[in-house]
Amino acid sequence: MKRLSVLLLCLALIATLSACGKQPTAEIEAARTAIDATVADGAEKFTPEELKALNDQLAAALEEIKVQDGKTFKSYDQSKNALLKVTADAEALKARIVTVKEEQQTAAATALQEATAAIDEAKAMLAVAPVGKGSLADIEMMKADVAGLEIALTEVQPLIDSEEFVAASEKATAIKEKALSVSEEIRIAQEKAAAAEVVTK
Amino acid sequence: MLFRYFRTGLLAAIAAALIGCSDPPAPPEVQQALNQEQDLWRAGAVVYAPDEYNAYLTALQSGRDYFVREQGRFVWFRDYDAVGAAFRQLLDQGEQVADAARANRERQAGLAADRLARLEERVRALRRLIGSVKDRRLSKRSLVAAEIAVEEARLLVAAGKSAEAQAKATEAEAAIGRLSQAIRPLLSRYADRQQIARWSTLAAEAIAASRRSGGYAIVVHKLDRKLVLYRGGAQVRSYPAGMGFNYLADKLHAGDLATPEGHYRVARKNAASRYFRALLIDYPTEADRRRFAQAKRSGQVPAGTGIGSLIEIHGGGKDGMTNGCVALENPQMQELFDRAEVGTPVVIIGTLNPDNIVAKTLPWLD
């Protein structure tokens, strides 16, 4: 009777140790789904480093599962915990993507506003620039510049709409810089015209 | 007895298995390689050394598989020394990838910076030309498009994004190409040595005639925007002059806002011009009419458009733009008006200077 008890105990122990080892398939699936969701939200564009870290974590967890697969007494606890962390980190990343996206979108919208304002200022200055003697040729050139800037400005909103916020900001900034330089040229032309008027008087 | 042996053996096996479950530490090279891979990715190895990086990734995966296999073996049979050696080799390979990526990134940055510098020079040269020549048809929106693309490329180079900067540089070059296509026909005559020689001959003939007669001759240099007055073959005055909106072209028909080129004479003096004083020249001459007729036959003249007339040298200011006339400052116009007579020769040419700003800038269009 005693012998049988010991034998059963040993068999139960072996059975218990072996039974621990069930692959955490649900956790794997959850982690993959969570990462896919971050990609769908734009992680590749807005938080590529964080996405890479997540994928690396997932790969490490899957590797650990492979290690356990090869063992007689499997324990997937470590992999499971790692996968749960991947899922949690992916959830956190989704919130981070929203923040980054909003920041970039705001920056692009601000850059667009500033560029628009700079062009409007150049146009307003051009409208009252001294036409005629001494400036007509320059004004013709500046009009072409402003027209070119207005065309370039129409390319910014589509970039924002397609969530290319960084490119939109860069283009808007370049447009603003050019518009400011046109305004500066107009101001110099106005000053020259005013000085010429004083001399004439 | 037999059972006692079996029990002892079984307990010993379980104890060994349990002891064997406690893993020895992984070789440190494994984690170092994983960190290295992240560093390579951050350094843009995938962009700057893609072949080397992919080969490295394949080797890394093999190393990781090897490590997994070793981890799966019974603890007594694991050979972590071999795993460590494999990963050390991988770390060396990673260093080479990092070197290749760094070198290529620096090379790409250099190339992008050089290309940008050349583009900036081209855009500056074109801006100088357009600012100096002031023909309305040169004021093209594509120059602004090029300038904006160059500015974007500059921002990208500063941010170390060489590949994106190169793409913007290509965009800028395309805009310059469009500009070039549009303005080259207007400019090419001013870099044509044969054309300049013809203009030189025209001017020389007028000056020689002035020398022979001892009278006045007027030579208008369109590109230099100046009017030179000769008497007895010698220059007596030189005035800055304004021209037509589209003055680079030779006038062909009414409304083209171009200033004509050729040999003319003062046909009439108008002391009560809308533009202070005016010397009407005898445009169109017979040569102009022949050219106009030929252009009309070849469809270069819009239907119902005439050859035009009323080309004058008048006052109103040298900086103003005209519909094809030559404009001087009023005091200088007065001087000229007082000297010129009906019949005074007026030669209008492009330029005498073969190294003019157009000739110098044209190579930047290519």
Side-chain angles (χ1 to χ4, degrees), chain A residues 2-3 6-7 10-11 13-14 17 48-49 52-53 56 59-60 62-73 75 131-153 155 166-167 169-179 181-182 185 196, chain B residues 3-4 6-7 10-11 13-14 17-18 20-21 23 34 37-38 41-42 61 64-65 67-74 127 130-131 133-136 138-156 159 164 168 175 242-243 245 316-321 327 329:
Chain A
K2 191 182 168 190
R3 289 174 190 172
V6 171
L7 190 61
C10 292
L11 288 172
L13 184 62
I14 292 167
L17 287 169
E49 282 212 23
K52 159 94 174 132
D56 286 350
L62 294 176
E63 234 160 51
E64 174 58 24
I65 289 169
K66 270 197 221 167
V67 170
Q68 295 304 322
D69 285 347
K71 287 185 175 177
T72 310
F73 302 113
S75 170
V131 181
K133 192 173 164 183
S135 63
L136 189 54
D138 294 326
I139 286 171
E140 285 294 317
M141 200 166 75
M142 289 171 199
K143 276 182 184 168
D145 285 349
V146 171
L149 288 170
E150 284 185 304
I151 288 172
L153 193 68
E155 295 165 12
V166 175
S169 292
E170 283 164 354
K171 188 171 274 297
T173 303
I175 292 168
K176 185 184 83 175
E177 292 302 318
K178 180 66 191 163
S181 77
V182 171
E185 283 174 39
Chain B
F3 177 74
R4 191 174 295 165
F6 172 74
R7 188 180 62 185
L10 187 64
L11 289 171
I14 292 168
L18 290 171
C21 282
D23 283 337
L34 295 177
E37 191 276 322
Q38 288 176 354
W41 181 84
R42 276 194 210 98
Q61 194 53 55
R64 291 172 84 160
D65 291 344
F67 183 45
V68 167
R69 277 198 307 278
E70 286 301 313
Q71 284 177 300
R73 295 175 74 179
F74 191 67
R127 181 57 73 180
I130 291 171
V133 172
K134 298 185 198 297
D135 182 298
R136 187 163 63 178
L138 297 183
S139 300
K140 297 292 179 188
R141 293 164 188 182
S142 42
L143 179 59
V144 178
E147 285 173 329
I148 289 168
V150 165
E151 177 63 16
E152 287 177 84
R154 197 186 60 72
L155 292 171
L156 289 166
E164 290 98 324
K168 279 290 161 195
M243 306 283 160
F245 277 100
K318 64 180 171 58
D319 293 322
M321 300 198 86
E329 293 293 331

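Lettering of chains follows the sequences in order, A, B, ..., and the numbering in each one begins at 1. On a predicted model such as this, the values are computed, not experimentally measured, just so you know.
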Between [X] and chain A, with a heavy-atom cut-off of 4.5 Å, which part of the residue counts as in contact: side chain, backbone, both or neither?
X: Arg154(B); value: neither
X: Asp65(B); value: side chain
X: Leu156(B); value: side chain

Any residue meeting salt bridge (charged side-chain N to carboxylate O under 4.0 Å, His left out) with Arg127(B), in chain and number order, not counting sequence neighbours: Asp145(A), Glu147(B)
Residues in salt bridge (charged side-chain N to carboxylate O under 4.0 Å, His left out) with Lys171(A), at least two apart? Glu155(A), Glu152(B), Glu171(B)
Quick one: what part of [X] sits under 4.5 Å from any heavy atom of chain B, side chain, backbone, both or neither?
X: Val146(A); result: neither
X: Ala53(A); result: neither
X: Ile151(A); result: side chain
X: Lys66(A); result: both

Rounded at 0.5 Å granularity, tell me how far [atom1] in [X] sits from [atom2] in [Y].
X: Glu151(B); Y: Thr173(A); atom1: CD; atom2: OG1; result: 8.5 Å
X: Leu143(B); Y: Lys178(A); atom1: CG; atom2: NZ; result: 7.0 Å
X: Arg64(B); Y: Leu62(A); atom1: CZ; atom2: CG; result: 9.5 Å

Exercise: identify the closest heavy-atom pair between Leu155(B) and Glu170(A): CD1-O, 3.9 Å
Leading residue by heavy atom contact count with chain B [cutoff under 4.5 Å; candidates Glu150(A), Lys52(A), Glu177(A)]: Lys52(A)
Are the side chains of Trp41(B) and Glu49(A) in touch, meaning some heavy atoms are under 4.5 Å apart?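 Heavy-atom side-chain distance check passes, below 4.5 Å.
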Determine, step by step, whether Ile148(B) and Leu149(A) satisfy the side chain to side chain contact (heavy atoms under 4.5 Å, CB included) criterion, reporting the C-alpha distance in whole Å, the side-chain angles of both residues, the deciding distance to 0.1 Å, and the verdict. CA-CA 8 Å; Ile148(B) 289 168; Leu149(A) 288 170; 3.7 Å; yes
